[in-house]
**Q** 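Below are the C-alpha cells for one structure; questions will follow.
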Amino acid sequence: MSAATPSAAQSEAQSEAPSEARSEARSEALSGGFADAPVQSARAFREVLEAMARPGTIRKVAGARPPAPLSVAAGVALLVLCDPTTRLHLAGAADCPPVRDWVAFHIGAPLAPAETADFALGRWEALQPVTRFRIGQPDYPDRSATLIVECDRLVNHGPALTGPGIETATWLNLPETAAFRANRALFPLGFDCLFTAGDRIAGLPRSTRVENI
Amino acid sequence: MYVAVKGGERAIDNAHQWLAEERRGDLAVPELTIPQIREQMKLAVNRVMAEGSLYDPDLAALAIKQARGDLIEAVFLIRAYRTTLPRLAASRPVATGAMAVDRRISATFKDLPGGQVLGPTFDYTHRLLDFALMAEGEPPTGAAPLSPIPFPPGGGEAPGPAAPPDAASDAPPSPRVGEGWGGGAPRLPHVTGFLNRDGLIETAEASDRTPPDLTREPMELPADRALRLQALARGDEGFVLGLAYSTQRGYGRTHAFVGELRIGTVAVEVEIPELGFAVEIGEIELTECETVNQFKGSRTEPPQFTRGYGLVMGQSERKAIAMSLVDRALRWQELGEDFTGAPAQDEEFVLMHCDNIQATGFLEHIKLPHYVDFQAELELVRKLRAEAAALREAAE
Amino acid sequence: MTPSSAEARKAWIATLAKAPPARLADLMPSLPPHDLLRAPEVGAVMVRGRTGGTGAAFNLGEMTVTRCSVRLGSGPVGHAWVQGRDKDHARRAAVIDALMQTDAAADLAARVIAPLQAEAEARRAARAAKAAGTKVEFFTMVRGEDN
C-alpha cells in the first residue's frame, strides 16, 4: 500500500487489495514485536498513558525492536496504540520499506496520507506542515491525529509547560513553540503529540500551554 | 445524576453462590456439557452468535450454559467477550452464490436450476410434541438412512426445459435451460439473477467501498443501507420479526415474496498482510433471504420488482426473512415511495431499538438503586401537594 | 514467489486452516524446533457480506480467529490464520506452512495435506448428498372454480 494513495483508493485497498500487487513480507520484518504481548503491551500502554496524563514527564518503555530509523519508543507506541482500524501516516525517513513491512506484520495499520491519518510518525521537520493533520470536530473532538515525533534526545529543559496534569510547571526540549501554541488555541480541538527518543517517551496533549522562557 | 451506593458485598456473594447452585439444578440430573449444547441446542447457539455478533459455536454454547438458557443474557456475555478481542482484519465479502447449501427454496420459481432443496426443516412437521424424544439414551433409529442422491458431478443437474408460460396464470416464467451451475463445485445462481436478466428487477451495484461499522463508530443517522443491514443482522429476532409482521399487516406494506432462502456454509477469505494474498481461514454457516417485492413504480423509479435482503449467521431463517422485509421497508426514501408513518419505515425507530443489549441494559437499569433520584421525586411531589393544598385553602 | 506456487500455498494454508484441529494433530503429532515470530494470538475478523448477495459490502459480524507465525531453524517462515481459538491448531498450521516450503513438502503433501483434503471433500459430498435427498419438485395445482 502506498502512503501517497488518495484516501478513497486507500479505503478500497484496505478491503480488496489485489493480491498480486503485494509481495510477501520480508523475513526481517517479522521479528521485533512484543515477545510476551499481554504483559508487555499492558505495561507499555500504562507508560504511554502516564506520559500523556502528565505532560512533559519522560518515561522509559521497552519491548519493541523496530527496524531503523525507528526508535524503540516509537515502535512501542505503534504497537500499543495502532491496529488495523487506525490509519497511520509515515513521514520522511520513517516511510521506508522495512518500516512498512514491520507495520504490516506487527500492527496491520493501513497507511494513509497525513490529512486522513489517526496517527503520524516522523521527525518534526518531516511532519510539517502540521496544520495538515486532523483536529477533530466539535461533536467528535477525538477524531483527531496523534503525532509520534522522533527526536534525538528528550530532556526536561526548554519551553515551559503548564496546564492539566502538571502541578506547577515543567519543561521539555520541544522543537518549537509556535505550532503548539496555535494548537492549544484550537482547544477542545487539536492534535496530540508523543515525543520519542531511544527508549524514552514524553507526551504533549492539546490541553498543555507552552511558553518560551 | 448518578450517586454511588456501597455495601451488600456479603449478600451479593451469597446471591452469586445461590445463582451457581440454581444454574446446576438437581444434582441427580447429569450436568450439561458445552458440546451437548453446541450440537443439540444448535438453533439457540445460532441465535446467540447472530445477535452476539460473534461466530464461535463453543463460546455461544458456554454463554447459554452460564446464562441458564436466558438467550439475551447469553448474547450479553458474548458481546462483552468480543470487546476483548483485537480486530485482526475484515474478510472479503462472502460469496453466498458459492454457498454449499443445506437448504434452498424459492416461493417465486418452482423449477429453479439446482432445484428446491428442503434441508433439515421444521416445515411440513405437524408441530405435535414428539414424546419419543423424552425417551432417554438411544439415538433415533426409526428413520431410514437418507438415500444417497449425490449432486450430479461437475455439470450439475441439467435444468429441464422451462415450462411454457401459462397464459392463464400470472406465474412468472421459470428460468430457462442452461442456467444450471457450471463445472466443479455446485454453484447455485441466485434466483434474483433470472429476473435481472429481463430487467424486471432492480440491480444491486457491486462495490468494495469500506462499509461503515457501528461497532467502531457511533451510529449516525441517516444511515446508509450497509449500516442498516449490520444493525438488523445483530438485532433482536423478536423485535425484527414484530416489525416485519407489521409491514405484512399494512404498516408500511412491501408486498414481499421470498425469492430465495438459502442456508449453508461459505468460506471466509481474508487478505493476510504478511503473505500478500488472500486465503480461506475457515467456514461459517449463514442464512440468506432475498425477497422480491412488487413495486408499481414511483416518482423516480419505473415499475419493477424491488428487493429486500437478509443475511444472518447460523441457521436462522425466521430472522433472515424478517430482516429482508424490514430492510425493504426502510428503503422507501431511495425508491421514492411515500413515508406512511409506519414504524418499520422509520429508520430512527428501527435502528435505535433493535439491539437487545442496548435495550435490556437501559430497561433493566431502572431496577438498580435509584434512591437519591427517588428521594428527589418524593420531595417534589410533597412540595407540589403542599402548594396545591395551600392554593385550595386560599380559595376557600 | 511465482503465481503458481502462490496458488499452491494458498490451497494448503486453506486446507490447514479448515482442518479439524484434532485430526491435524493426529496427522502431525510432533513439530520440529521453531521460533515464534508471533506467538499464537486470538482475535476477531469482521465478516462482510454483500447487499443482495452481489452488491455493496456490509459488516455482518465477527468470527474468532487465531493467528501465529513461526520460523524454522533452517530459515523458512510459516504463517497461519485459523478460525476459532485453538492456539495449538494455529501453531501447528504455521509450522506445516513453513515445512511445505522445504524439501519435506512432497512428503507432507502426501501424508498430511492430501488426507485432509480428501476428508473435507468426503464431508462436503456426504452433506450435499443429504441435501439432494430433500430435493423436491413442486406441482402447481389448479384451484378454485373450474369450468
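Below, chain A is the first sequence line, B the second, and so on; all start at residue 1. On a predicted model such as this, the values are computed, not experimentally measured, just so you know.
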**Q** Do you know which of Val45(C), Asn59(C), Leu60(C), Val65(C) makes side-chain contact (heavy atoms from CB on, under 4.5 Å) with Ser91(B)?
**A** Val45(C)

**Q** Using non-hydrogen atoms only, which part of Thr215(B) is less than 4.5 Å away from chain C: side chain, backbone, both, or neither?
**A** side chain

**Q** Can you say whether Glu288(B) sits under 4.5 Å from chain C via the side chain, the backbone, both, or neither, judging by heavy atoms?
**A** side chain

**Q** Evaluate the side-chain proximity of Leu85(B) to Glu62(C): yes if any heavy-atom separation is below 4.5 Å, no if none is.
**A** no

**Q** Does any part of the side chain of Met46(C), heavy atoms only, come nearer than 4.5 Å to the side chain of Gln230(B), both counted from C-beta?
**A** yes

**Q** Mark yes or no for whether Gln83(C), through its side chain, and Glu283(B), through its backbone, hold a donor-acceptor pair below 3.5 Å.
**A** yes

**Q** Report all side-chain donor-acceptor pairs from residues 48-58 of chain B shorter than 3.5 Å, counting only partners two or more places apart or in another chain.
**A**
residue, atom, partner, partner atom, Å
Glu51(B), OE1, Arg47(B), NE, 3.4
Glu51(B), OE1, Asn356(B), ND2, 2.7
Glu51(B), OE2, Arg47(B), NE, 2.8
Glu51(B), OE2, Glu237(B), N, 3.0
Ser53(B), OG, Arg234(B), NE, 3.3
Tyr55(B), OH, Glu285(B), N, 2.9
Asp56(B), OD1, Asp58(B), N, 3.3
Asp56(B), OD1, Leu59(B), N, 3.1
Asp56(B), OD1, Arg85(C), NH2, 3.3
Asp56(B), OD2, Thr64(C), OG1, 2.6
Asp56(B), OD2, Arg85(C), NE, 2.7
Asp58(B), OD1, Arg38(B), NH1, 2.7

**Q** Ignoring hydrogens and angles, tell me if any N or O in the side chain of Thr134(C) forms a donor-acceptor pair with the backbone of Gly119(B) under 3.5 Å.
**A** yes

**Q** Hey, is CG on Asp107(C) packed in by over 12 heavy atoms from elsewhere, all under 6.0 Å?
**A** yes

**Q** Between Leu275(B) and Trp81(C), does the side chain to side chain contact (heavy atoms under 4.5 Å, CB included) criterion hold? Intermediate values first, please.
**A** CA-CA 11 Å; Leu275(B) 288 171; Trp81(C) 286 53; 5.9 Å; no

**Q** By number, which residues in residues 12-22 of chain C have some heavy atom less than 4.5 Å away from chain B?
**A** Ile13(C), Ala14(C), Ala17(C), Lys18(C)

**Q** Side chains of Lys130(C) and Val117(B): closer than 4.5 Å at any heavy-atom pair?
**A** no

**Q** Minimum heavy-atom separation for Gly49(C) and Val94(B), please, with both atom names.
**A** CA-CG2, 4.1 Å

**Q** Going by salt bridge (Lys or Arg N to Asp or Glu O under 4.0 Å), Glu274(B) matches just one of Arg38(C), Arg71(C), Arg67(C). Which one?
**A** Arg38(C)

**Q** Does any heavy atom of chain C fall under 4.5 Å from the side chain of Ala206(B), the backbone, both, or neither of them?
**A** both

